[in-house]
There are 2 protein chains.
Amino acid sequence: MEFKHQATVTLAEVADAAGVGESTVSRVLRNHGSFSGKTRDRVMAAVERLGYVPNRIAGTLASTGSRLVAFVIPSLSNIVFPDVLRGASAILEENRYQAVFSVTDYDPEKEEALAAAMLAWRPAAVMLAGYEHTEGTVKMLRASGCRIVEMLDVDGDALDMAVGFSNRAAGRESAAFLLRRGYRRIGYVGHDLNRDTRAGKRFSGFCETLGAHDAPLADREILAGASSVENGRLGLERLLARTPDLDAVYFSNDDMALGGYFHCLARGISIPAQLAIFGYNGLDIGRATPQPLSTIRTPRVATGQVAAQLVVTNAPPQVVDLGFELIEGATA
Amino acid sequence: MEFKHQATVTLAEVADAAGVGESTVSRVLRNHGSFSGKTRDRVMAAVERLGYVPNRIAGTLASTGSRLVAFVIPSLSNIVFPDVLRGASAILEENRYQAVFSVTDYDPEKEEALAAAMLAWRPAAVMLAGYEHTEGTVKMLRASGCRIVEMLDVDGDALDMAVGFSNRAAGRESAAFLLRRGYRRIGYVGHDLNRDTRAGKRFSGFCETLGAHDAPLADREILAGASSVENGRLGLERLLARTPDLDAVYFSNDDMALGGYFHCLARGISIPAQLAIFGYNGLDIGRATPQPLSTIRTPRVATGQVAAQLVVTNAPPQVVDLGFELIEGATA
DNA sequence: CATGAAATTGGTAGCGCTGCCAAAAAAATC
DNA sequence: GATTTTTTTGGCAGCGCTACCAATTTCATG
């Protein structure tokens with residue numbers, strides 16, 4: 001088997017080598033249309049011999065519709081997005097689609113620029129996080145004619161398709177759970193809510209339910225920057241310094257909550273007797289801590305899977321609510 | 001159900017609308033070649049008016065060399081790879097390159113299939129993890145003529161370029177550190193080493209140094225499946241059940257080590273007096289635990305950045321060793 | 001003004017493939 | 001064996017853009 005270095009073999013060369021026409025090679029390779037077994041063998045032998053690799057750029061240009069799926073995600077540091085990508089890429093690979101991605105850093109303007117760059121690749125679909133986009137992004141996506149999937153949120157109007165769960169409801173249920181357990185002096189530790197609008201929706205649902213039960217949020221500590229274990233720890237420390245008599249704290253997610261948990265471990269604050277901790281996401285690590293973290297488990301991988309499934313099946317516009325699960329754990 | 005694709009605006013239509021030739025529009029849009037300010041304004045106005053989005057598929061086919069960079073990575077669950085992607089995607093975006101990815105699940109055969117699929121997009125470069133590839137993968141990559149970057153390992157011969165650090169040296173230094181601290185009864189808890197060959201190299205370097213100091217590995221517990229906090233916890237439990245008199249345990253990475261740490265917290269095993277714990281990766285969470293984790297911090301994001309930089313600058317073949325940093329922490 | 005140099009511009013041949021159509025070959029039917 | 005039907009095949013026009021080259025305009029300069 002010879003491979004020519006750097007000289008790209010074209011379909012025409014394969015056709016010559018196999019002694020057949022170009023379209024025949026194309027049909028064999030795509031297993032589309034009809035051809036005899038003998039022809040197929042001859043073509044495949046030539047492909048093998050020449051080390052031919054089809055050029056999908058050319059193929060996509062010639063045919064209608066690409067097999068590229070574009071992901072425009074806020075971050076790769078927040079485990080949520082790798083999880084979504086993981087779910088989606090498995091489905092996409094099975095269906096011979098190719099995933100392309102860009103990271104917006106939670107910046108709507110950057111999202112617009114990156115979405116535009118993505119559309120230049122004429123993807124079959126664009127997958128985004130949530131419903132909050134600039135006017136320009138919306139207009140561009142609409143005009144593109146490609147499928148759009150907004151992921152990880154269902155609290156709003158979908159441009160085309162949406163897959164996820166209600167962040168607002170997650171916030172409400174978290175509050176209801178804490179109230180049922182008898183906590184009344186409840187605080188919040190979160191990260192930048194303007195950027196992470198889904199965290200903002202959870203917080204707003206949380207406060208709504210607290211308010212409805214005459215137990216308004218006692219105090220809050222919002223840290224600038226991304227969510228992290230360290231920020232969670234720091235946030236709880238500051239919150240307790242200001243408002244020591246809290247009996248429960250809701251965190252913007254499990255990373256932050258783990259930081260809070262570690263703070264309590266380090267300071268000898270007994271959980272949940274002295275202070276209850278509640279998170280969001282249902283990370284694996286939260287189940288392996290000495291006391292399993294009380295949290296809400298979200299279908300992150302499934303969100304990616306379903307989103308990809310909708311795209312590969314070219315499903316009609318729809319919103320899929322995958323729900324979430326409250327994990328009682330031992331910290332609340 | 002049928003979905004109409006909107007009629008996409010082409011460069012030719014923009015040219016007509018602006019009253020100029022196609023090549024002029026192309027030059028203006030790419031800011032390449034010369035054109036007058038007046039022409040540029042006319043073209044940009046037409047682009048704006050028609051909502052033209054260039055078709056990069058066509059552009060790539062017509063020109064030589066694409067601006068796609070293909071990542072073929074083992075996993076998205078192991079934070080290492082999102083971190084690498086994060087570093088790389090920032091650099092690539094700045095340089096108007098587009099990242100494409102596939103996930104191999106640590107399966108070399110799947111890596112070969114996915115690499116082949118990637119090459120069909122004629123990427124500027126293919127970025128892989130480590131040096132262990134099938135013969136077919138190597139042959140194909142060599143023949144492709146595109147740049148190749150092997151990441152996260154420098155213990156071997158690079159196909160073209162490599163960026164990372166020595167896993168073997170990391171293992172050796174970890175062992176040396178534990179020996180310096182006086183630990184002699186040392187165990188190991190790891191995950192599937194056949195698949196994660198870099199973890200295998202660390203382990204082998206670790207054992208080598210132990211052996212050289214007459215303190216051979218006392219016992220080991222290898223868990224099937226991927227690394228996880230839960231597996232680390234389980235692994236340490238099993239290891240200690242079998243060999244209770246260990247004074248230190250080396251884990252295949254920080255996830256596993258955290259599991260071990262939590263096991264000790266839950267069982268009241270005092271760290272590091274009764275048992276020392278040493279990890280690998282330098283995750284943020286390991287710095288926020290009540291006792292900071294003793295571990296080796298690896299330049300994951302930088303690996304991605306440098307790898308991307310090499311590609312966008314079309315650097316000559318080379319191996320870049322970014323090194324690593326031993327963090328003493330408080331668990332060993 | 002003339003003349004050559006420099007800056008702009010447009011025309012057009014591909015890039016490598018797919019989709020359509022007609023031609024050829026093979027199989028089925030009378 | 002002639003005819004019809006079915007299966008296989010090849011030719012070729014694009015897909016939308018870029019690269020190259022030649023044509024045109026503008027600018028300097030004597």
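Letters A, B, ... are given to chains in the order of the sequence lines, protein chains preceding strands, and every chain is numbered from 1.
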Restricting both atoms to N or O, compile the protein contacts to nucleotides 23-29 of chain C shorter than 3.5 Å, with distance only.
none

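- Counting heavy atoms from C-beta outward, Leu92(A) and Phe71(A) have side chains that approach closer than 4.5 Å.
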Please produce a list of atom pairs where a protein N or O lies less than 3.5 Å from an N or O of nucleotides 25-29 of chain D.
none

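- Within 4.0 Å of Gly37(B), counting heavy atoms only, lies no atom of the nucleic acid at all.
- Within the structure, every side-chain polar atom (N or O) of Ser36(A) is placed at least 4.0 Å from both OP1 and OP2 of dT7(D).
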Which atoms of nucleotides 16-19 of chain D (N or O only) lie under 3.5 Å from a protein N or O atom, and what are those distances?
residue : atom : partner  : partner atom : Å
dG16(D) : N2   : Ala58(B) : O            : 3.3
dC17(D) : OP1  : Tyr52(B) : OH           : 2.2
dC17(D) : OP1  : Asn55(B) : N            : 3.3
dC17(D) : OP2  : Leu11(B) : N            : 2.4
dT18(D) : OP1  : Arg30(B) : NE           : 3.4
dT18(D) : OP2  : Ser26(B) : OG           : 2.5
dA19(D) : OP2  : Arg30(B) : NH1          : 2.6

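- Put simply, Thr24(A) has a side-chain N or O that comes within less than 4.0 Å of OP1 or OP2 on dG10(D).
- Judged as a salt bridge (charged side-chain N to carboxylate O under 4.0 Å, His left out), not a single pair has a partner in residues 17-45 of chain A (not counting sequence neighbours).
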Checklist entry - Going through the distances and angles, do Tyr131(A) and Asp157(A) end up as a side chain to side chain contact (heavy atoms under 4.5 Å, CB included)? => result CA-CA 7 Å; Tyr131(A) 286 119; Asp157(A) 291 315; 5.8 Å; no

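- Applying the side-chain hydrogen bond (donor to acceptor under 3.5 Å, both in side chains) test to Thr10(B) and every residue at least two apart in sequence or in another chain returns Glu13(B).
- Residues forming a salt bridge (charged side-chain N to carboxylate O under 4.0 Å, His left out) with Arg198(B) (at least two apart in sequence, or on another chain): none.
- Across the protein-nucleic acid pair, Phe35(A) atom CZ and dT6(D) atom C1' stand 17 Å apart, rounded to whole Å.
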